[in-house]
Amino acid sequence: MSLITEKYKYERLQRVEVDGKRRYAAPGHPPVASVTTILSGTKDMSHLIAWKKRVGEKKAQEIVTEAANVGTVMHEMLEAWSLNEEYTGKNLLQAKMMAETVIKNVEPDIEEVWGSEVNLCYPGLYAGTTDLVGIYKGRPTIMDFKQTNRPKKREWIDDYFMQAAAYGMAHNEIFETKIEHSAIFMCSRDCDWQLWEVGPQEFKQWEEKWAKRVEEFYNLS
């Protein structure tokens, strides 16, 4: 794939410690919490706690660690692909099969890549990194790659939609764009493919839900 279009100048975020808490700062802006920190800090964790009790702390940690390793390699492979670069990192067969499944399904519809692993900051509120920004199916879109142990239902992934909305809001704020579409590209360990798309009306709803989570986070801080 050779669709790289350097349309915007994306700045790198700096990781800093503020009162013992990890924060991120874009050049010229104060440190802020990450999107994932805000989501995890305002999320109902009862289901996760119950799962850990059911399988045991040790087994739960093994599952989480192994899934994270596969997910990291899959993301690295997809990043290299999106930048039209050769992948030279760890070669896990599971991750390779998953990455190939994603590429097969999304490559025909990605027309431009503005950036991969794009650092974004909404000044004074939050920062984060989206997997891909560009033109997908003819529209400016925030795109994120997700791996899962098994296929998910749409109602289980609200945080993914809020995450994408957060990145879109930050991009629109900094670069004066009008991104109002997102796409979640999800692949399971068995290479089951799932595509979750969000259009303008729903995107606005996720923006509003995200704004409430941000407010809740800072009220709790």
Side-chain angles (χ1 to χ4, degrees), residues 1-8 10-15 22 24 34-37 39-40 48 51-52 55-120 127-137 141-153 156-157 159-161 163-164 166-167 182-197:
M1 187 170 84
S2 182
L3 303 172
I4 307 300
T5 302
E6 295 183 357
K7 197 167 185 175
Y8 302 100
Y10 297 119
E11 303 281 2
R12 300 297 298 177
L13 296 174
Q14 293 182 328
R15 190 170 71 181
R22 182 183 297 176
Y24 294 87
S34 71
V35 172
T36 52
T37 294
L39 286 172
S40 62
L48 179 60
W51 172 73
K52 287 183 177 180
V55 303
E57 289 287 341
K58 183 178 180 181
K59 182 62 176 179
Q61 188 56 53
E62 289 175 355
I63 293 171
V64 169
T65 300
E66 200 271 340
N69 289 337
V70 171
T72 296
V73 174
M74 183 192 82
H75 274 75
E76 290 173 350
M77 290 177 170
L78 290 169
E79 181 183 7
W81 161 76
S82 66
L83 295 174
N84 202 33
E85 297 175 352
E86 181 182 358
Y87 175 72
T88 57
K90 185 185 295 185
N91 197 0
L92 294 180
L93 179 59
Q94 183 72 53
K96 183 175 185 291
M97 293 170 60
M98 293 166 70
E100 288 175 346
T101 297
V102 174
I103 292 169
K104 178 182 69 176
N105 282 279
V106 306
E107 190 168 38
D109 294 313
I110 296 178
E111 299 161 36
E112 289 183 11
V113 173
W114 298 345
S116 179
E117 289 296 306
V118 176
N119 290 175
L120 294 167
T129 304
T130 185
D131 293 329
L132 212 60
V133 183
I135 303 296
Y136 175 72
K137 294 185 178 179
T141 303
I142 296 292
M143 294 166 269
D144 257 6
F145 304 121
K146 301 294 184 184
Q147 66 95 18
T148 179
N149 287 338
R150 61 180 185 274
K152 296 190 182 320
K153 295 180 180 180
W156 296 352
I157 59 171
D159 280 9
Y160 294 167
F161 295 131
Q163 188 178 33
Y167 297 145
S182 64
I184 310 299
F185 306 138
M186 187 179 294
C187 187
S188 77
R189 301 296 295 273
D190 292 328
C191 293
D192 295 308
W193 164 252
Q194 291 180 286
L195 168 64
W196 311 103
E197 295 182 85

Chemist: Taking atom NZ as the centre, does Lys152 end up with more than 12 heavy-atom neighbours from other residues, nucleotides or ligands that are less than 6.0 angstrom away?
Modeler: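 Yes, enclosed.
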Chemist: Please round to the nearest 0.5 Å and tell me the distance separating atom CG of Asp131 and atom CZ of Phe145.
Modeler: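 That separation rounds to 6.0 Å.
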Chemist: Give me the atom names and distance for the closest heavy-atom approach of Leu39 to Asp159.
Modeler: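 Looking at all heavy atoms of both residues, the closest pair is CD1-O, 3.7 Å.
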Chemist: With sequence neighbours left out, write down each residue that passes side-chain hydrogen bond (donor to acceptor under 3.5 Å, both in side chains) with Ser182, or none if nothing qualifies.
Modeler: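 Counting only residues at least two positions away or on another chain, Ser182 forms no side-chain hydrogen bond (donor to acceptor under 3.5 Å, both in side chains).
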Chemist: Taking all non-hydrogen atoms of both residues, which atom of Ala99 and which atom of Leu78 are closest, and how far apart?
Modeler: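 For Ala99 versus Leu78, the nearest heavy atoms are O-CD2, 3.7 Å.
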Chemist: With rounding to the nearest 0.5 Å, note down the distance linking CG in Asn119 to OH in Tyr10.
Modeler: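 Asn119 CG to Tyr10 OH: 11.0 Å, rounded to 0.5 Å.
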Chemist: Who passes side-chain hydrogen bond (donor to acceptor under 3.5 Å, both in side chains) against Ser116, sequence neighbours left out?
Modeler: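 So Ser116 forms a side-chain hydrogen bond (donor to acceptor under 3.5 Å, both in side chains) with Ser82.
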Chemist: Taking the side chain as every heavy atom from C-beta outward, state whether Ile135 and Thr5 have any atom pair closer than 4.5 Å.
Modeler: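 In short, these two side chains do not touch, never coming nearer than 4.5 Å.
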Chemist: Where the side chain of Gln94 meets the backbone of Arg189, is there a donor-acceptor pair that is under 3.5 Å apart?
Modeler: yes
Chemist: With sequence neighbours left out, write down each residue that passes salt bridge (charged side-chain N to carboxylate O under 4.0 Å, His left out) with Glu112, or none if nothing qualifies.
Modeler: none
Chemist: Taking side-chain hydrogen bond (donor to acceptor under 3.5 Å, both in side chains) as the definition, give me every residue that meets it alongside Tyr136, ordered by chain and number, with sequence neighbours left out.
Modeler: none
Chemist: Could you check if a side-chain atom of Tyr167 sits within less than 4.5 angstrom of a side-chain atom of Val35, using non-hydrogen atoms only?
Modeler: yes
Chemist: Between Glu100 and Lys104, does any NZ, NE, NH1 or NH2 come within less than 4.0 Å of an OD or OE carboxylate oxygen?
Modeler: no
Chemist: Identify the two heavy atoms, one from Thr37 and one from Ser40, that lie closest to each other, and give their separation to 0.1 Å.
Modeler: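 Looking at all heavy atoms of both residues, the shortest contact is O-OG, 3.1 Å.
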Chemist: Between Thr141 and Ala183, which heavy-atom pair has the shortest distance, and what is it?
Modeler: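 The answer is CG2-N, 3.7 Å.
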Chemist: How many angstroms lie between atom CZ of Arg150 and atom CG of Asp190, to the nearest 0.5 angstrom?
Modeler: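 It is 11.5 Å, given to the nearest 0.5 Å.
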Chemist: Using salt bridge (charged side-chain N to carboxylate O under 4.0 Å, His left out) as the criterion, list what pairs up with Lys7, not counting sequence neighbours.
Modeler: none
Chemist: Applying side-chain hydrogen bond (donor to acceptor under 3.5 Å, both in side chains), name anything that partners Lys137, two or more places apart in sequence or on another chain.
Modeler: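 Checked Lys137 against side-chain hydrogen bond (donor to acceptor under 3.5 Å, both in side chains); matches are Glu197.
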Chemist: Which atom names give the shortest non-hydrogen contact between Pro151 and Gln194, and what distance separates them?
Modeler: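 Answer, listing the atom of Pro151 first, then Gln194: CA-OE1, 3.2 Å.
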Chemist: If I take atom CG from residue Asn91 and atom CD from residue Glu76, how far apart are they, to the nearest 0.5 angstrom?
Modeler: 11.5 Å
Chemist: Nearest 0.5 Å please: distance from the NZ atom of Lys146 over to the CE atom of Met98.
Modeler: 12.5 Å
Chemist: Rounded at 0.5 Å granularity, tell me how far CH2 in Trp114 sits from CE in Met143.
Modeler: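 So the CH2 of Trp114 and the CE of Met143 are separated by 8.5 Å.
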Chemist: For atom CD of Glu111, decide whether the heavy atoms of other residues, nucleotides or ligands shown that lie under 6.0 angstrom number more than 12.
Modeler: yes
Chemist: Please tell me if the side chains of Val106 and Trp81 come closer than 4.5 Å, counting only heavy atoms from C-beta onward.
Modeler: yes
Chemist: Minimum heavy-atom separation for Asp144 and Thr130, please, with both atom names.
Modeler: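 Looking at all heavy atoms of both residues, the closest pair is OD1-OG1, 3.1 Å.
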